[in-house]
Amino acid sequence: MTILVTGARGNVGRRVLDRLHAAGHTLRASGRTPAELSVPAGVDVVQLDLNSPDTFDAALRGVDKAFLYAESEGAKDLFAAAARAGVRHVVLLSSSTVGGPDAATDPLAVHHAAVEDALAASALPGTVLRPGAFAGNAFGWSDAIRRGQPVRLPYAGAHTAPVHEDDIADVAVAALTDETLVGLSLTLTGPQSLTFREQLGILAELLGREIAVQELTREQAVEQMGRFVPAPILTSLLDQWAAAVGHPAGTTDTVERLTGRPARTFGRWAGENLGAFAAQD
């Protein structure tokens with residue numbers, strides 16, 4: 001049985017690949033530029049460019065199961081290629097925004113919902129993972145913290161329940177190896193709701209020094225973040241954060257239910273990655 005892992009360089013895809021390799025599965029890793037992939041010994045490497053449907057058939061040939069993420073524009077073609085290849089189970093990395101209150105208008109939710117709809121229309125057996133905010137989003141603050149500068153962000157009181165990328169990978173592996181999870185959509189969160197200011201407080205405590213916070217207006221955030229975040233995605237994020245001020249984020253027991261252990265905390269993630277935030281010499 002061959003399992004394809006797309007996004008093998010990504011924060012989740014690489015973790016999925018490493019776990020499946022350690023368990024002895026036959027694997028194929030894909031990326032837009034295969035030569036740039038660094039994979040464990042014995043893992044086959046192929047090109048799969050989500051914007052180039054002509055790469056789909058070769059990448060999927062002989063694959064039994066696949067861990068996929070997809071672009072909404074190419075999703076229909078990708079799943080059609082998977083069906084032609086005889087793929088028996090797809091685990092799709094989606095987003096919790098699909099189940100949110102503004103899913104019909106939120107650009108992020110609309111994007112991910114289109115991919116989920118394409119999977120459903122393909123009739124491929126699938127399991128959908130809907131993680132919330134990644135704990136690793138905190139890396140966005142690392143440069144300012146290393147330099148001892150204030151962290152500049154909007155909506156510092158916005159709540160999220162940051163989920164550790166290792167937990168997403170653990171659930172993905174469970175879905176790929178447990179046939180009873182076929183057909184399910186699984187929402188993944190961390191174990192606690194934390195504001196951005198509280199997350200920074202955890203980092204400050206671990207670092208043993210204060211982290212100043214400079215709260216931006218929405219207009220300032222658009223100017224600062226708009227340089228590197230596409231406008232529709234930025235609008236989605238800012239709307240979500242604005243709505244989450246003063247409203248604790250919901251949490252799920254999905255990770256504990258499927259892995260048999262509690263979800264990893266943000267504090268644990270911060271401790272594991274503290275070097276990225278340590279002061280420069």
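The basis for the numbers below is simple: all heavy atoms, side chains too, and nothing from hydrogens, waters or symmetry mates.
The minimum heavy-atom distance between Thr265 and Arg268, with the atom names listed, is OG1-N, 3.0 Å. Between Leu48 and Ala59 the shortest heavy-atom distance is CD1-CB, 3.6 Å.
In this structure, the side chain of Arg28 engages the main chain of Arg61 through a donor-acceptor pair within 3.5 Å. The closest donor-acceptor contact from the side chain of Thr97 to the backbone of Gly100 lies at 3.5 Å or more, if one exists at all. When atom types are taken as modelled, the side chain of Thr33 and the backbone of Glu36 share no donor-acceptor pair closer than 3.5 angstrom. At least one donor-acceptor pair under 3.5 Å links the side chain of Thr6 to the backbone N or O of Phe67. A donor-acceptor pair is defined here as one N or O able to donate and one able to accept, closer than 3.5 Å; no such pair exists between the side chain of Asp167 and the backbone of Ala263. Gln220 places a side-chain N or O within donor-acceptor distance of the main-chain N or O of Thr217, the cut-off being under 3.5 Å. For the pair Glu215 (side chain) and Ala156 (backbone), a donor-acceptor distance under 3.5 Å is present. When atom types are taken as modelled, the side chain of Ser122 and the backbone of Leu124 share a donor-acceptor pair closer than 3.5 angstrom. At distances below 3.5 Å, at least one donor-acceptor pair connects side-chain atoms of Asp106 with backbone N or O atoms of Ala109. Judged purely by atom type and a 3.5 angstrom limit, Arg32 has no side-chain atom pairing as donor or acceptor with the backbone of Leu50.
More than 12 heavy atoms of other residues, nucleotides or ligands shown are found within 6.0 angstrom of CD on Glu272. Heavy atoms from other residues, nucleotides or ligands lying under 6.0 Å from CD of Glu73 number 12 at most. In Gln149, the CD atom is crowded: over 12 heavy atoms of neighbouring residues, nucleotides or ligands sit closer than 6.0 Å.
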Side-chain donor-acceptor pairs of residues 225-234 under 3.5 Å, sequence neighbours excluded:
{"unit_1": "Arg227", "atom_1": "NE", "unit_2": "Glu223", "atom_2": "O", "d": "3.4"}

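Here Leu274 contributes atom CG and Ile202 contributes atom CD1; the two are 12.0 Å apart, rounded to the nearest 0.5 Å. For the atom pair CD (Glu179) and OG1 (Thr127), the distance works out to 8.5 Å, reported to the nearest 0.5 Å. One distance of note links CH2 of Trp141 with CG of Leu153; it measures 6.5 Å at 0.5 Å rounding. Note that CG of Asp64 and OG1 of Thr26 are 9.0 Å apart. Values are rounded to the nearest 0.5 Å. The CZ atom of Arg257 sits 5.0 Å away from the OG1 atom of Thr254 when rounded to the nearest 0.5 Å. Note: Leu181 CG to Leu176 CG = 10.0 Å, rounded to the nearest 0.5 Å.
For Arg209, there are no side chain to side chain donor-acceptor pair (under 3.5 Å) partners at least two apart in sequence or on another chain. Taking Thr160 as the reference, Gln199 meet the side chain to side chain donor-acceptor pair (under 3.5 Å) condition, with sequence neighbours excluded. Listed by chain and number, the residues in a side chain to side chain contact (heavy atoms under 4.5 Å, CB included) with Ala75 are Ala70, Phe79, Val115, Ala118 (sequence neighbours excluded). Asp178 meets the side chain to side chain donor-acceptor pair (under 3.5 Å) test with Thr180; sequence neighbours excluded. Taking the ring pair (Phe, Tyr, Trp, His ring centres under 6.0 Å) definition, one finds that Phe266 meets it with Trp269, sequence neighbours left out. Every residue meeting the side chain to side chain contact (heavy atoms under 4.5 Å, CB included) condition with Gln47, not counting sequence neighbours, appears here in chain and number order: Pro34, Thr55.
You'll find the side chain of Lys65 reaches within 4.5 Å of the side chain of Arg88, heavy atoms only. Counting heavy atoms from C-beta outward, Ser96 and Leu188 have side chains that stay 4.5 Å or more apart. By the 4.5 Å heavy-atom criterion applied to side chains, Leu60 and Leu78 are counted as neighbours. By the 4.5 Å heavy-atom criterion applied to side chains, Pro40 and Leu17 are counted as neighbours. Using a 4.5 Å heavy-atom cutoff, the side chains of Val12 and Tyr69 are not in contact. Val163 has its side chain within reach of Ile168: a pair of non-hydrogen atoms, C-beta onward, lies under 4.5 Å apart.
The same ILVMFWY cluster, assembled from side-chain heavy atoms under 4.5 Å apart, contains both Leu68 and Val45. The cluster map of Ile, Leu, Val, Met, Phe, Trp and Tyr, joined by side-chain heavy atoms under 4.5 Å apart, puts Leu206 and Ile211 in the same cluster. Both Leu37 and Ile3 sit in one connected hydrophobic cluster of ILVMFWY residues. Membership requires side-chain heavy atoms under 4.5 Å apart, directly or through other members. Each of Leu108 and Phe134 belongs to its own hydrophobic cluster when Ile, Leu, Val, Met, Phe, Trp and Tyr are linked at side-chain heavy-atom distances under 4.5 angstrom. Hydrophobic clustering, with ILVMFWY side chains joined whenever heavy atoms are under 4.5 angstrom apart, keeps Val98 apart from Trp241.
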Test log, rule side chain to side chain contact (heavy atoms under 4.5 Å, CB included), inputs Leu20 and Val173 = CA-CA 7 Å; Leu20 291 170; Val173 170; 4.0 Å; yes
message = Using side chain to side chain contact (heavy atoms under 4.5 Å, CB included), reason through His111 and Glu71 one step at a time and then give a plain yes or no.
response = CA-CA 8 Å; His111 166 84; Glu71 298 293 339; 3.6 Å; yes
request  = For Arg130 and Ser95, run side chain to side chain contact (heavy atoms under 4.5 Å, CB included): C-alpha distance rounded to whole Å, both residues' side-chain angles, the deciding distance at 0.1 Å, then the answer.
outcome  = CA-CA 4 Å; Arg130 293 176 175 172; Ser95 166; 5.9 Å; no
message = Determine whether Leu27 and Val39 satisfy the following criterion, side chain to side chain contact (heavy atoms under 4.5 Å, CB included), listing intermediate values before the conclusion.
response = CA-CA 10 Å; Leu27 300 173; Val39 299; over 6 Å; no
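Of the candidates Leu119, Val91, Leu186, Leu119 is the only one forming a side chain to side chain contact (heavy atoms under 4.5 Å, CB included) with Val128.
Each ring pair (Phe, Tyr, Trp, His ring centres under 6.0 Å) pair with one or both residues in residues 22-62, not counting sequence neighbours, would appear here, but there are none. Applying the ring pair (Phe, Tyr, Trp, His ring centres under 6.0 Å) definition to pairs two or more places apart or across chains, none involves residues 3-23. Residue pairs meeting the side chain to side chain donor-acceptor pair (under 3.5 Å) criterion with at least one partner in residues 182-193, sequence neighbours excluded, are His159-Ser193. Sequence neighbours left out, the pairs with a member in residues 76-87 that pass side chain to side chain donor-acceptor pair (under 3.5 Å) are Asp57-Arg84. A ring pair (Phe, Tyr, Trp, His ring centres under 6.0 Å) check over residues 81-104, counting only residues at least two apart or in different chains, returns nothing.
Using cut-offs of 30° and 60° for the angle between ring planes, the Phe277 and Phe139 rings count as parallel.
Residues Arg261 and Asp170 are paired through a salt bridge, judged by an N-O separation under 4.0 Å between the basic side chain and the carboxylate. Between Asp18 and Arg15, none of the side-chain N atoms (NZ, or NE/NH1/NH2) sits under 4.0 Å from a carboxylate O, so this pair counts as no salt bridge. Salt-bridge formation is detected for the pair Asp166/Arg19: a Lys NZ or Arg NE/NH1/NH2 atom is positioned less than 4.0 Å from an Asp or Glu carboxylate oxygen.
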